[in-house]
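Heavy atoms only: backbone and side chains are in, while hydrogens, waters and symmetry mates are out. In what follows, chains carry the letters A, B, and so on, assigned in the order in which the sequence lines appear, proteins first and then strands, with residues in each chain numbered from 1. Keep in mind the model is a prediction, meaning the values are calculated, not measured.
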2 protein chains.
Amino acid sequence: MTIKEVSEKYDISQDTLRYYERIGMIPPVTRSESGIRNYTEKDLGWVELAKCMRSAGLPVEAMIEYVRLTQEGDVTIPARLKLLKEQRESLLEQKEKIDATLERLNYKIGRYEIAAKTGKLTWEQEK
Amino acid sequence: MTIKEVSEKYDISQDTLRYYERIGMIPPVTRSESGIRNYTEKDLGWVELAKCMRSAGLPVEAMIEYVRLTQEGDVTIPARLKLLKEQRESLLEQKEKIDATLERLNYKIGRYEIAAKTGKLTWEQEK
DNA sequence: ATAAACTCTGGAGTTCACTCCAAGTCAATA
DNA sequence: TATTGACTTGGAGTGAACTCCAGAGTTTAT
C-alpha cells in the first residue's frame, strides 16, 4: 500500500506518516528497492495503533518507547506491560478530569437554558 | 489573596496566572492601588473555572471567548449557551476516543500479563 | 532605613506535535 | 521519450500553551 493510500485510509497526512516513522513512533516501514514505502498489513497495524493512541491524547514519547521495546524482543515484555499500565492509568485520570468538567458544563448549561428563556441570569457568580 | 497564595492554592504557576489574565482567559483581576493583584472570591471563581476547563483539555480560545461574552452582558446569553454546548460536545467526543483506547490497552495488557508469566508472546502482531 | 522577599510588565524562549518546503528521484502515461 | 505526478529526504516553520527572564517597583522584617 502506498503512502497516499494509507494517508487516505486512516486520514493521516503523508507528512505525519513520515514523521511518525522518522521519530520511531512506528517501526521502519517496508520499502521497494528504489526506497519507496510499501506498507504491509503489519505496517498498517502500527499506523492504526499510533493513530488510536494519539487520538486519546497519549504522548508520542510513550509510543516511541513502546516501539523501541518491541524491537528488543521478548526480554522487554515486563517493561512493555509496565508502560501500557502507566498509559492506561493516565487515560483513566484524564477521563476523570473530563467527567468533572462535563458535570460542571452540564450544571452551567442547565442554568443558561433557564436564563435563555427568561433573558436573565438566575445566579450571581461563575462556578 | 496574593498571586503567590492563589498559585499555591490551585497549583498553577504565577506566570500562568498572569498569562491567563493577559490573554483574557479570566477577567482582569482586582488590584491594589499600587497595581498588585489581590484576588477576590470572584476572581478565584474564574481561576478555578479556567483550571477545570484546561485540565479537561478544552482550548484556551474557548474560555477567552466565554469570558469575552460574559463581559458583554445578558444579551450574549444565547451565544454563551451555544459555546458551552459545543465544548460539552467536544468533551464527549474526546471521552469516546479515550474509551476506545482504554479497551485496546486493556486487551493488550491482558495479553502481556499472560506473556509476562510464560516469557513468550502468544500473538503475532500488534493490534 | 535598608535588606530581603515579593510583585510588576513586556518580551523572548521552550516544548510538543505536527506541517510545509526545496531539491532531487522515481513511476506512469500521452 | 518527454512530461506529469508521486515519492524521497533533511530541515525549517507553525500554533498552542505555557515558561522564563530582565529590569523596575512595592512590601515586610530587622
Peer 1: Figure out the CD/C1' separation between B:Glu33 and C:dT7, and round it to whole Å.
Peer 2: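 For the pair B:Glu33 CD and C:dT7 C1', the rounded distance is 16 Å.
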Peer 1: Check this one for me: any side-chain N or O of A:Thr16 less than 4.0 Å away from OP1 or OP2 of C:dT19?
Peer 2: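 So the side-chain polar atoms of A:Thr16 do come within 4.0 Å of the phosphate oxygens OP1 or OP2 of C:dT19, strictly under.
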Peer 1: Take atom NZ in B:Lys51; do more than 12 heavy atoms of anything else shown fall under 6.0 Å from it?
Peer 2: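 Correct, the count exceeds 12.
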Peer 1: Touch check for A:Arg37, heavy atoms < 4.0 angstrom, all strands: base, sugar-phosphate only, or nothing?
Peer 2: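 Here A:Arg37 touches the backbone only, sparing every base.
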Peer 1: Report the distance from atom CD1 of B:Ile23 to atom P of D:dT19, rounded to the nearest whole Å.
Peer 2: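 So the CD1-P distance, B:Ile23 to D:dT19, works out to 12 Å.
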Peer 1: What does A:Arg18 touch in the nucleic acid at a heavy-atom separation under 4.0 angstrom: a base, only the sugar-phosphate, or nothing?
Peer 2: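 Here A:Arg18 touches the bases of the nucleic acid.
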Peer 1: Without decimals, in angstroms, what is the distance between B:Met63 CE and D:dA16 C1'?
Peer 2: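 To the nearest whole Å, that distance equals 17 Å.
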Peer 1: If the test is side-chain hydrogen bond (donor to acceptor under 3.5 Å, both in side chains), which one of B:Glu103, B:Glu113, B:Glu126 qualifies with B:Lys108?
Peer 2: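 That would be B:Glu126.
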Peer 1: Nearest-Å distance, OH (A:Tyr19) to P (D:dT14)?
Peer 2: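 Distance, rounded to whole Å: 17 Å.
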Peer 1: When you measure from every atom of DNA chain C, which of residues 1-14 of chain A have a heavy atom less than 4.0 Å away?
Peer 2: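 Those residues whose heavy atoms fall under 4.0 Å from DNA chain C, taken from residues 1-14 of chain A, amount to none.
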Peer 1: Heavy atoms only: give me the nearest A:Ser7-A:Ile12 pair and the separation to one decimal.
Peer 2: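 Scanning both residues completely, I find the closest heavy atoms to be OG-O, 2.7 Å.
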Peer 1: How far does CE of B:Met1 sit from NZ of B:Lys9, to the nearest 0.5 angstrom?
Peer 2: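 Here the rounded value is 4.5 Å.
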Peer 1: Go through it in stages, so that I can follow the logic: the residues are A:Lys85 and A:Glu89, the test is salt bridge (charged side-chain N to carboxylate O under 4.0 Å, His left out), and I'd like the CA-CA distance, side-chain angles, deciding distance and then a yes or no.
Peer 2: CA-CA 6 Å; A:Lys85 283 181 169 175; A:Glu89 200 47 48; over 6 Å; no
Peer 1: Around A:Lys97, counting heavy atoms of other residues, nucleotides and ligands shown, do more than 12 lie under 6.0 Å from its NZ?
Peer 2: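 Enclosed: over 12 neighbouring heavy atoms sit under 6.0 Å from NZ of A:Lys97.
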Peer 1: To the side chain of A:Val60, which of C:dC18, D:dA17, D:dC20 is closest?
Peer 2: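 Among C:dC18, D:dA17, D:dC20, the one nearest the side chain of A:Val60 is C:dC18.
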Peer 1: Quickly work out the A:Leu17 CG to C:dT19 P distance and round it to whole Å.
Peer 2: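 Rounded to the whole Å, the gap is 11 Å.
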Peer 1: Classify the angle between the aromatic ring planes of A:Trp46 and A:Tyr66 as parallel (below 30°), tilted (30 to 60°) or perpendicular (above 60°).
Peer 2: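 Tilted, since the angle between the ring planes falls between 30° and 60°.
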Peer 1: Going by atom types only, do B:Ser32 and B:Asn38 share a side-chain donor-acceptor pair under 3.5 Å?
Peer 2: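 On atom types as modelled, these side chains do not qualify, holding no pair under 3.5 Å.
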Peer 1: Nearest-Å distance, CG (A:Leu58) to C1' (C:dC16)?
Peer 2: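 So the CG-C1' distance, A:Leu58 to C:dC16, works out to 14 Å.
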Peer 1: Base, sugar-phosphate or nothing for B:Arg54? Non-hydrogen atoms, less than 4.0 Å.
Peer 2: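 The residue B:Arg54 makes sugar-phosphate contact but no base contact.
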Peer 1: If you assign each of A:Tyr20 and B:Arg31 to its closest nucleotide in DNA chain C, which residue comes earlier from the 5' end?
Peer 2: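 Counting from the 5' end, the first nearest nucleotide belongs to B:Arg31.
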Peer 1: How close or far is atom P of C:dC18 from atom CD of A:Glu21, stated in whole angstroms?
Peer 2: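 Distance, rounded to whole Å: 15 Å.
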Peer 1: With sequence neighbours excluded, tell me which residues meet ring-ring contact (aromatic ring centres under 6.0 Å, His included) with B:Tyr20.
Peer 2: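 Partners of B:Tyr20 by the ring-ring contact (aromatic ring centres under 6.0 Å, His included) criterion come out as none, since no residue qualifies.
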Peer 1: Rounded to the Å, how far apart are A:Asp15 CG and D:dT9 C1'?
Peer 2: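 It works out to 11 Å between those atoms.
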Peer 1: Kindly give the atom pairs (protein nitrogen or oxygen, nucleotide nitrogen or oxygen) under 3.5 Å for nucleotides 23-28 of chain C.
Peer 2:
from, atom 1, to, atom 2, distance (Å)
C:dC26, O3', A:Ser34, OG, 3.3
C:dA27, OP1, A:Ser34, OG, 2.9

